[in-house]
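The structure displayed is predicted, hence computed values, not measured ones. Whatever order the structure lists ligands and atoms in, that order sets their numbers, starting from 1.
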Amino acid sequence: MSESEGNRENPYTFDDYLTVRDNFNYYRDDPFFQALVKKYARDEYEQIDRDMRALSDYASYRFRDLANEANDLENRIKVTRVKHYDAHDHRIDRIERCNETETLEREIFSLGLFDPMRNTPWSRFVKLFLLYQNSEAGVMCPIACTHGMVWLMQQFEDKLDPLSRTILEEVRDGKGGTYKVGAQFVTEIQGGSDVPSNLVEAVFEEKEKEDGYSHCWRLYGQKFFCSAVHADYAVVTAKPKGMPSSTKVAAFVVPSWLPGNKKKEIRNSYTIDRLKPKLGTSELPTAEITYNGAVAYPVGPLEKGLANIVGIVLSISRLHVALGMASASLRVAREASLYAQFRTAFGVPVSSFPLMINQINDLNHHAMRAAAGAFKVYSEYIHFGEELIAGIRDLQKIDDMEERKRRFRLRELVMLQKIVVADDAPALIRRAISFFGGHGIMEDFLSFPRMQRDSMIMELWEGPRNVLLTQIHRDMQRVKDWYPAEDFCSDLLQGADTDTVEPLVAEFSRIMALDSLLKNDEHTLEICRSWETLSGELFHAYQDQALAELDFDISLPKFSKLLRDFKKREKEEGIQ
Ligand SMILES: Cc1cc2nc3c(=O)[nH]c(=O)nc-3n(C[C@H](O)[C@H](O)[C@H](O)COP(=O)(O)OP(=O)(O)OC[C@H]3O[C@@H](n4cnc5c(N)ncnc54)[C@H](O)[C@@H]3O)c2cc1C
């Protein structure tokens, strides 16, 4: 029978592709990921490499399957539910999630990622990077929120009252036996970008209430986007009534249940009004809630709440968005490139068509530069002891000009990276989906539809694009006396070749020469358009430089070799 002749016994199978995709170990089988860890972890490399191999054995298989199962099309609608009342008419607002997400959360939180006895800055970062290969999965948002909560509370550790200190010890150190989960509730119905417009009120009440608490702060009002609403504690913004700073936003930590009440399901004087049906991150419960006098503990000076929330909590979340999407992009690029080598059309692997060759190279280059950029930005964060200065005013108190500038660059890089990576990721995943043709759209064929939906959420979380572009522009105005735009841009791209740097510096300086982006005239409109374009070009140049500094011989994984290796591995494991 000739090859083109009809044959009703169609022998086609995807099994070889599945063997490669499903056996691939995210860390052990990825020399690029290992090279990044080696370059940045330095002296700690051997220990971290051992830990990563062990964790990767879970993340690449068990965690991956749990994440997929929870987001299965049939499960998606029911993975998060709220049960308002029990059978005996008690208001409980119980959050019900599927077993898979709960298991995943328990196992990931048990890693004690923020516990200084269990992890160093680098081991924490690379483990986070590894875990994000499974996308948000209903767990990484609570992880990011807990990270922000711990770092905010740590900043004021010596000033915390005993109850708040216990909260910190529970979330950070696992006091009580398990690592508790944190959340952050800032956004209100009237707006998330404009945090100063918050209306939730904090009132210091001396009188004892039904819950037995007196002389404490209590919150009143509504929060409209409360992710990880199943958490044990939340960082919440509110305006303290009757204080000189009553128009300013303060930061509080709010227990979901007062001590002893979790088992009884008596919430800390607030109701969960509704869970939101979402396009992405559907395993993660996001709610609308109303505070009716919840006991709250202030963290840091009341009048500095906004600066602390934005400068510490949201900045950490922005780092997470970028590292998370960079990591997910690596997996997406890998699985799509391997499929293109497996799949044939017109008698040849589709990876051999010149149009596809370009697309495969671009996809991998974009994923790798995002990953290299994420490591480089995070290395700056670690350089400063994982400490972010909350606002420009505090930054200006630093006398050492080199340090002040470097810290300022980190502040801007966190925003720039968030905008660019969160904007690139949905486009990158969409392109990767196209490699699979029609199969790329099928929910049960691959994980990309879930990752695509998650990536769209990342664009909006923690400061949408416009808000951050405006903030960076405003920051540049505020520091121009001691850090001119031209110097800032050249310093950012240090090491890159002149042909790349010069035009970017010229354009950046032109854009920053305009004093405000808020005027509605022709020139401002043109500058805004140029800034949108340049922000991407600028950060891509930074990422490319990070990739060049890695000095890694980029060769893409070979499907045929992996297939041979994994079949051999399967055989050996079968024999054992
Ligand atoms: C799935 C999901 C989960 C979330 N979870 C949480 C959570 O747990 N906690 C929490 O606090 N929040 C959460 N959020 C809210 C999120 O942080 C906000 O949606 C975000 O901050 C934007 O606020 P907004 O939705 O009110 O949009 P708006 O502030 O109304 O913005 C609308 C548009 O206006 C643009 N815009 C606003 N200001 C400017 C400006 N100065 N210049 C130019 N353009 C501007 C924005 O870019 C945006 O495109 C969540 C959001 C989503 C989608």
Side-chain angles (χ1 to χ4, degrees), residues 71 76 79-80 95 135-149 152 181-200 219 221-231 233-238 249 251-252 254 256 272 274-289 291 305-306 309-310 313-318 320-321 324 415 418-419 422-423 426 450 452-475 477 516-520 524-525 527-529 531-532 535:
N71 202 267
R76 207 179 304 148
V79 284
T80 63
I95 298 294
S135 196
E136 196 283 323
V139 178
M140 299 314 283
C141 163
I143 283 281
C145 294
T146 307
H147 195 171
M149 176 185 283
L152 175 70
V181 177
Q184 50 188 252
F185 306 154
V186 177
T187 308
E188 298 182 8
I189 191 166
Q190 71 279 7
S193 313
D194 181 8
V195 182
S197 75
N198 265 196
L199 287 175
V200 165
L219 301 192
Q222 199 186 27
K223 290 284 174 187
F224 212 61
F225 278 91
C226 305
S227 290
V229 74
H230 61 286
Y233 300 104
V235 171
V236 183
T237 51
V249 169
F252 295 85
V254 183
S256 300
I272 298 176
R274 192 175 88 97
L275 289 188
K276 289 179 180 292
K278 291 178 286 172
L279 169 73
T281 65
S282 48
E283 317 86 312
L284 174 77
T286 300
E288 296 159 14
I289 70 175
Y291 289 113
L306 182 63
I309 287 284
V310 177
V313 180
L314 297 189
S315 294
I316 287 175
S317 296
R318 287 168 189 164
H320 272 260
V321 166
M415 290 189 271
K418 194 270 173 183
I419 306 166
D423 196 47
R450 170 171 66 88
Q452 170 79 322
R453 288 190 292 271
D454 289 355
S455 73
M456 291 193 64
I457 307 294
M458 299 298 161
E459 271 189 282
L460 295 168
W461 260 346
E462 319 303 353
R465 179 179 175 76
N466 293 345
V467 176
L468 298 189
L469 284 171
T470 307
Q471 183 67 49
I472 298 171
H473 193 276
R474 192 181 304 130
D475 281 0
Q477 307 307 312
S516 163
L517 294 185
L518 301 178
K519 283 178 239 147
N520 187 355
T524 309
L525 290 177
I527 289 287
C528 283
R529 199 182 289 284
W531 181 210
E532 274 216 60
S535 57

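- Relative to atom 22 (C) of ligand 1, the option among Gly463, Ser197, Cys528, Pro464 with the closest non-hydrogen atom is Pro464.
- For atom 44 (N) of ligand 1, the closest heavy atom belonging to the protein is Asn466 CB, 3.1 Å.
- In this structure the side chain of Val229 reaches within 4.5 angstrom of the side chain of Ile272, judged on heavy atoms.
- In this structure, atom 5 (N) of ligand 1 lies nearest to the protein heavy atom Ser227 OG, 2.8 Å.
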*Given Lys278 and Arg453, is the side chain to side chain contact (heavy atoms under 4.5 Å, CB included) satisfied, shown in steps?*
CA-CA 9 Å; Lys278 291 178 286 172; Arg453 288 190 292 271; over 6 Å; no
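- With 3.5 Å as the limit, one finds a donor-acceptor pair spanning the side chains of Lys223 and Thr237.
- Residue Gly192 places at least one N or O, backbone or side chain, under 3.5 Å from an N or O of ligand 1.
- Counting all heavy atoms, side chain and backbone alike, Ala183 lies closest to Ala228 at CB-O, 3.6 Å.
- Ligand-side atoms of ligand 1 in range of Gln184: 7 (C), 8 (O), 9 (N), 10 (C), 11 (O), range being under 4.0 angstrom from any heavy atom.
- Nearest-heavy-atom check against atom 27 (O) of ligand 1 across Pro142, Gly191, Ser193 picks out Ser193.
- Listed for the Thr524 side chain is no donor-acceptor partner under 3.5 Å among the backbone atoms of Asn520.
- For the pair Lys278 and ligand 1, a heavy-atom separation below 4.0 Å is found.
- Distance from atom 16 (C) of ligand 1 to its nearest protein heavy atom, with residue and atom name: Thr187 OG1, 3.8 Å.
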*Start with the C-alpha distance between Val200 and Phe185, add both sets of side-chain angles, then the distance that settles side chain to side chain contact (heavy atoms under 4.5 Å, CB included), and finish with yes or no.*
CA-CA 11 Å; Val200 165; Phe185 306 154; over 6 Å; no
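- Below 3.5 Å of separation, one finds an N or O of Val186 facing an N or O of ligand 1.
- Taking all atoms of both residues into account, the shortest heavy-atom contact from Lys418 to Trp461 is NZ-O, 2.7 Å.
- In terms of protein heavy atoms, atom 2 (C) of ligand 1 is closest to Trp461 NE1, 3.3 Å.
- By heavy-atom distance, the residue among Leu314, Val229, Val195, Val467 lying nearest atom 39 (C) of ligand 1 is Val467.
- In terms of polar-atom proximity, defined here as any N/O pair under 3.5 Å, Leu518 makes no such contact with ligand 1.
- Distance check for atom 10 (C) of ligand 1: a protein heavy atom is found below 4.0 Å.
- Applying the salt bridge (charged side-chain N to carboxylate O under 4.0 Å, His left out) test to residues at least two apart or on different chains, the pairs with a partner in residues 456-472 are Asp423-Arg465, Arg465-Glu532.
- When all heavy atoms are compared, the tightest approach of Ile95 to Leu275 is CD1-CD2, 4.0 Å.
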